[in-house]
Amino acid sequence: MSYIIETNDITKDFNDFRAVDSINLNVPRNTVYGILGPNGAGKSTLISMLCTIQTPTSGTAIVNGYDIVKEANNVRKSIGIVFQTRALDDILTGREHLEMHAALYGVPKDLRQKRIDDVLELIALGKKIDEYTKNYSGGMKRRLEIGRGLIHHPKLLFLDEPTLGLDIQTRESIWQYIEDLKSSIDITILLTTHYLEEADSLCDEIAIINNGEIIKTGSPKNLKSELKADTITIVSSDVEEIEELMKNQHFIQKILLNDNEIKLSVEKGENLIPKIVKITETKNIDIKSIELKHPSLEEVFIKYTGRKISDK
Ligand code: ADP
């Protein structure tokens with residue numbers, strides 16, 4: 001397995017406060033990797049060290065094969081950064097932003113036009129690209145910022161809260177865009193987000209950070225199934241009878257009754273539904289519907305941090 005980011009006990013102190021505490025993070029190539037954590041967890045500090053904006057107090061990190069302290073210039077050339085602070089100039093067109101960035105990052109003159117054309121295809125801004133960015137919607141601005149971060153062909157893109165403050169429709173179009181990006185070019189994306197459904201839908205892997213430490217890593221799917229907290233909801237006119245049948249089954253963790261609905265807390269619900277149906281059939285119980293729900297990433301987050309992600 002080759003990692004595009006490898007940190008080794010990376011630590012950052014601000015006076016006597018430890019913002020990042022001996023983090024060992026391995027980010028596999030060509031993945032979308034999410035860093036999640038409540039406010040003040042140390043996400044920005046960690047990312048600014050990886051982008052060479054801040055230097056670690058101790059520990060090291062290798063980004064794209066380069067040491068973030070000893071080879072900071074090479075690290076900078078090999079990454080793209082899209083941070084939260086909106087950094088577009090109202091009096092430039094989208095195309096001018098791309099041209100300026102290409103020049104700034106030393107893309108050779110004879111290659112610039114081709115690079116810009118390639119990025120334009122990805123960000124699909126159409127004719128708008130020749131308008132001033134003050135006329136762009138939030139989603140268009142975000143696409144331009146991401147496109148600009150790609151113009152020098154970075155192998156690693158840092159995306160800090162890519163959809164913060166955007167409405168749900170625009171958010172979904174940015175998600176689609178990030179997914180297309182990942183499947184069309186050779187790139188790894190390190191993403192921070194407050195939106196857990198965003199992490200769930202986009203990230204191959206996530207690291208949950210709290211108080212400067214990584215407390216859990218894994219794919220969203222595995223993290224959710226590790227909670228062992230599926231809920232099977234059965235609608236029936238015979239819920240009391242179902243309760244009677246279920247309460248002695250070893251696979252049932254908890255039962256909740258509500259009108260004509262019964263909720264069963266179980267592990268690996270998909271494997272149990274046939275069993276439950278079989279048991280109820282032996283008593284001729286009429287079942288109107290059965291629904292299975294897996295826990296959300298929000299529940300995973302609360303379990304490991306003790307907080308909601310939106311808590312201050
Ligand atoms: P996050 O991005 O997860 O919200 P940060 O990395 O911004 O967290 O901050 C982690 C902790 O370090 C916070 O308690 C913050 O107040 C503190 N911190 C961040 N930058 C500085 C700084 N320049 N000086 C002092 N403390 C800082």
Side-chain angles (χ1 to χ4, degrees), residues 4-27 31-63 67-69 72 75-76 79-87 142 145-146 149 156-166 171 174 178 188-218 220 223 296-312:
I4 196 155
I5 299 176
E6 284 184 74
T7 76
N8 187 354
D9 285 332
I10 197 166
T11 298
K12 181 73 181 177
D13 293 338
F14 294 110
N15 300 316
D16 54 1
F17 178 76
R18 184 148 288 185
V20 171
D21 191 1
S22 297
I23 280 188
N24 291 299
L25 178 75
N26 289 324
V27 177
T31 53
V32 177
Y33 198 101
I35 305 280
L36 303 183
N39 270 328
K43 304 179 296 290
S44 308
T45 308
L46 172 65
I47 285 178
S48 7
M49 290 191 283
L50 299 175
C51 293
T52 78
I53 294 165
Q54 299 197 43
T55 47
T57 309
S58 63
T60 54
I62 305 293
V63 171
D67 184 288
I68 55 162
V69 177
V75 171
R76 265 175 236 151
I79 61 176
I81 304 178
V82 183
F83 279 178
Q84 267 178 62
T85 38
R86 299 275 182 261
R142 213 59 187 145
E145 285 169 335
I146 298 175
L156 174 64
L157 183 69
F158 289 89
L159 273 184
D160 187 20
E161 298 278 358
T163 64
L164 190 74
L166 300 176
R171 269 162 64 194
I174 298 275
I178 293 173
T188 307
I189 297 171
L190 193 81
L191 173 119
T192 65
T193 180
H194 257 73
Y195 300 116
L196 290 170
E197 71 272 36
E198 177 161 297
D200 204 352
S201 100
L202 281 182
C203 296
D204 301 295
E205 226 174 296
I206 58 177
I208 298 176
I209 298 192
N210 202 14
N211 299 324
E213 291 177 288
I214 291 186
I215 43 176
K216 190 75 191 166
T217 58
L223 292 176
S296 66
L297 207 51
E298 174 93 34
E299 285 160 76
V300 173
F301 190 85
I302 292 170
K303 168 168 174 166
Y304 290 110
T305 66
R307 292 195 254 173
K308 284 190 162 190
I309 199 160
S310 49
D311 286 354
K312 297 276 172 206

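Computed from a predicted structure; not experimentally measured. In listed order, ligands and their atoms are each counted from 1. Just so it is clear, the values below take in all heavy atoms, side chains as well, and ignore hydrogens, waters and symmetry mates.
The minimum heavy-atom distance linking Val82 with Gly149 is given by the pair CG2-CA, 4.5 Å. Scanning all heavy atoms of the two residues, the minimum distance from Arg142 to Asp160 falls at NH2-O, 3.3 Å. Here the closest heavy-atom approach between residue Gly42 and residue Val20 is recorded as O-CG2, 3.6 Å. Here the closest heavy-atom approach between residue Thr52 and residue Ile68 is recorded as CG2-O, 3.6 Å. Across all non-hydrogen atoms, the minimal contact from Asp200 to Leu297 is N-CD2, 3.8 Å.
A side-chain donor-acceptor contact under 3.5 Å links Glu198 and Thr193.
For ligand 1, the 4.0 Å heavy-atom shell takes in Phe14, Phe17, Ala19, Pro38, Asn39, Gly40, Ala41, Gly42, Lys43, Ser44, Thr45, ordered by chain and residue number.
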